[in-house]
Undergrad: 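Supplied in structure tokens, the structure appears directly below.
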Amino acid sequence: MKSIKGRYSIFSLLRNAINYHEGWKESWRCPEPKSEYDVIIIGGGGHGLGTAYYLAKEHGITNVAVLEKGWIGGGNTGRNTTIVRSNYLLDGNSQFYELSMKLWEDLSRDLNYNVMFSQRGVLNLAHSDPQVDALQRRGNAMRLNGIDAEFWDTEKIRRRIPLLDTSDKTRYPIFGGLMQPRAGTARHDAVAWGFARAADSYGIDIIQNCEVIGINVNQNKVFGLETTQGSIRTKKIGVAVAGHTTQLMDMVNLRMPIESHILQAMVSEPIKPCLHSVVTSGATHLYISQSDKGELVIGGDLDFYNSFAQRGNFPAIEHVVQSAVTMFPAFGRLRLLRTWGGVMDMTMDGSPIICKTPIDGLYLNGGWCYGGFKATPGSAFVFAHTIAQDKPHPQNECFGLDRFEKGYTLDEKGVGPTPKAH
Amino acid sequence: MFVIKCPWCGQRGQKEFTYIGDSNVKRPDPNLASDKEWSDYIFLRKNPKGWHDELWQHTTGCRVIFKVQRNTVTHEIRLTLPLSNKISGAEK
Ligand SMILES: Cc1cc2nc3c(=O)[nH]c(=O)nc-3n(C[C@H](O)[C@H](O)[C@H](O)COP(=O)(O)OP(=O)(O)OC[C@H]3O[C@@H](n4cnc5c(N)ncnc54)[C@H](O)[C@@H]3O)c2cc1C
Ligand SMILES: [Zn+2]
């Protein structure tokens with residue numbers, strides 16, 4: 001963070017406590033758009049705001065605006081189940097998510113904003129022998145890449161996650177699990193707000209309620225864009241709009257290897273601490289953790305058909321809850337407090353896209369499927385590099401749009417070009 | 001949950017059906033298609049926000065695959081047709 005004046009610290013807390021907390025300043029300004037910027041980022045989620053921050057911090061580019069059609073963090077950044085991990089199998093993904101993990105570990109300090117990153121561990125469960133083999137293979141690949149991974153047998157899981165039904169009478173018997181101890185959760189809103197505040201301190205304009213409705217291109221070069229607050233000139237545009245990537249790319253007639261799908265999540269009423277780590281089960285479509293407020297945060301699979309509805313369908317909720325109460329019978333007594341959905345940009349290989357596009361000055365960050373929250377700082381870091389240097393950072397060279405045509409897809413699960421299956 | 005009209009079984013809950021995908025994607029002749037045309041067919045989708053022509057299968061019913069025109073924002077279904085029928089006017 002640049003300006004020391006507004007720094008948060010124990011002293012600022014004490015000072016404001018004495019003044020009945022009436023002296024806190026706004027965390028970022030709400031400026032009118034200028035007529036021209038060096039770089040414009042479309043989308044005020046974690047990825048867009050983070051990109052603006054790293055453009056300023058790493059590349060000294062501060063004449064930047066972030067345009068958000070709603071309010072910042074109101075997209076998937078504010079809707080996800082906040083799991084942060086780097087337990088990937090394939091080269092490319094593995095190094096990229098670990099870069100992101102390293103940035104997470106220092107993010108609160110770097111931003112001078114508590115993103116509540118909590119390395120409570122993420123445990124992936126195996127329910128069969130083949131799944132044990134697959135998880136051990138993944139664990140070995142991670143360790144070869146210098147990433148932490150431990151295989152836990154059923155006995156250890158029984159001791160560490162006591163509420164999980166590890167008996168042999170359960171519908172989904174537990175054969176073991178892969179634990180990444182450095183993985184965990186973070187406060188999603190704080191990530192958007194922390195990046196926004198830090199970017200603003202460099203003079204970057206964050207403009208809310210400003211929807212981009214057109215991208216102006218002349219002779220294959222970007223020269224500006226049209227928004228609901230008027231036209232703005234710029235030579236570089238970074239698109240980071242998650243589920244609406246195809247809509248933005250339609251404006252310049254570029255077709256995407258993406259389908260938009262709905263992913264839902266839900267929380268229970270808050271209860272006392274009872275679940276320390278994040279527990280996930282790919283086979284039963286469940287991931288569950290306990291928030292600091294005490295709510296159980298539960299997510300599952302997609303609704304499985306293209307959707308921009310930003311709300312989900314009941315069968316998916318029912319399925320997730322069935323898995324949860326089968327694996328954690330005690331949770332059957334809780335009531336659900338809220339459910340919601342987010343529009344997901346599912347790619348044909350399940351991996352993201354961070355690259356230059358065939359149009360000069362137009363850069364793309366998208367295709368995050370349901371795993372983009374953990375990528376936020378890493379994605380923003382390499383995207384800022386791609387925009388500033390007009391070439392990819394070594395860690396996003398593998399995420400180009402041309403990988404599909406060239407046969408270099410990064411398909412972690414090996415399921416093929418079916419977006420909803422990743 | 002929305003209701004889909006299977007051309008064979010009539011109105012049934014969406015849970016009985018499996019979504020397959022965009023029904024306007026056409027497989028080019030593999031002997032004539034360029035690499036680019038082939039990869040476009042495999043990977044690129046229109047993904048409209050609004051009306052979408054798509055294929056669904058009545059998986060837990062008659063197992064027939066058929067065409068549906070559905071709005072991807074409201075989930076309203078305008079029509080369902082057997083596979084052999086063309087959706088006139090395509091998606092907008
Ligand atoms: C239910 C759910 C659970 C998830 N769980 C996890 C998880 O546990 N771990 C994980 O790593 N990831 C998870 N994800 C995925 C993760 O949330 C996303 O991949 C990530 O937050 C994407 O960040 P973003 O900044 O790219 O997108 P967003 O936060 O969606 O930001 C994009 C912004 O662009 C704006 N926008 C769109 N169109 C325009 C336009 N024309 N003009 C201006 N602005 C526009 C939108 O309003 C939006 O605010 C989950 C997602 C959901 C929905
Ligand atoms: Zn039928």
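Below, chain A is the first sequence line, B the second, and so on; all start at residue 1.
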Undergrad: Answer with side chain, backbone, both or neither: which region of T347(A) has an atom nearer than 4.5 Å to a non-hydrogen atom of chain B?
TA: neither
Undergrad: Drop me the distance from H261(A)'s NE2 to T72(B)'s OG1, to the nearest 0.5 angstrom.
TA: 10.5 Å
Undergrad: Kindly compute the distance separating NZ (K49(B)) from CG (D250(A)), expressed to the nearest 0.5 Å.
TA: 11.5 Å
Undergrad: Identify which part of S39(B) has an atom lying under 4.5 Å from any heavy atom of chain A, answering side chain, backbone, both or neither.
TA: side chain
Undergrad: With a 4.5 Å heavy-atom cut-off, do D349(A) and F43(B) have their side chains touching?
TA: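 No; the side chains remain at least 4.5 Å from each other.
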Undergrad: Given that the side chain runs from C-beta out, which part of Q247(A) has a heavy atom under 4.5 Å from chain B: side chain, backbone, both or neither?
TA: side chain
Undergrad: How many angstroms lie between atom CE of M256(A) and atom NZ of K46(B), to the nearest 0.5 angstrom?
TA: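 The CE atom of M256(A) sits 15.0 Å away from the NZ atom of K46(B).
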Undergrad: I want to check something: taking the side chain as every heavy atom from C-beta on, are R255(A) and R45(B) in contact at a cut-off of under 4.5 Å?
TA: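 R255(A) does not reach R45(B) side chain to side chain.
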Undergrad: Based on non-hydrogen pairs under 4.5 Å, which of T18(B), V73(B), T74(B) is most in contact with chain A?
TA: V73(B)
Undergrad: Measure the spacing between CD of E259(A) and CG of D22(B) and express it to the nearest 0.5 Å.
TA: 7.5 Å
Undergrad: Tell me which of these, F404(A), F314(A), F304(A), has more heavy-atom pairs under 4.5 Å with chain B than the rest.
TA: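 Going by pairs under 4.5 Å, I would pick F404(A).
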Undergrad: How about D35(B): does its CG atom have over 12 heavy atoms from other parts shown lying under 6.0 Å from it?
TA: no
Undergrad: Any idea which of Q310(A), K406(A), H244(A) has the most non-hydrogen atom pairs under 4.5 angstrom with chain B?
TA: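 Of Q310(A), K406(A), H244(A), H244(A) has the most heavy-atom pairs under 4.5 Å with chain B.
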Undergrad: At their closest point, which heavy atom of N313(A) faces which heavy atom of Q14(B), and how far apart are they?
TA: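 It is ND2-OE1, 3.0 Å.
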Undergrad: Contact part of W56(B) toward chain A, heavy-atom cut-off under 4.5 Å: side chain, backbone, both or neither?
TA: side chain
Undergrad: Does W71(A) have more than 12 heavy atoms from other residues, nucleotides or ligands lying within 6.0 Å of its CH2?
TA: no
Undergrad: Any non-hydrogen side-chain atom of M1(B) less than 4.5 Å from a side-chain atom of E318(A)?
TA: no
Undergrad: Are any side-chain N or O atoms of N47(B) and backbone N or O atoms of T246(A), one a donor and one an acceptor, separated by less than 3.5 Å?
TA: no
Undergrad: Any donor-acceptor pair under 3.5 Å linking the side-chain atoms of N306(A) with those of Y19(B)?
TA: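 Short answer, yes.
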Undergrad: If you look at every heavy atom in F308(A) and P48(B), which pair is closest and at what distance?
TA: CE1-O, 3.2 Å
Undergrad: Please determine whether side-chain contact (heavy atoms from CB on, under 4.5 Å) holds for the pair Y305(A) and R70(B), giving the CA-CA distance in whole Å, both sets of side-chain angles, and the decisive distance to 0.1 Å.
TA: CA-CA 10 Å; Y305(A) 45 83; R70(B) 181 181 60 98; 3.4 Å; yes
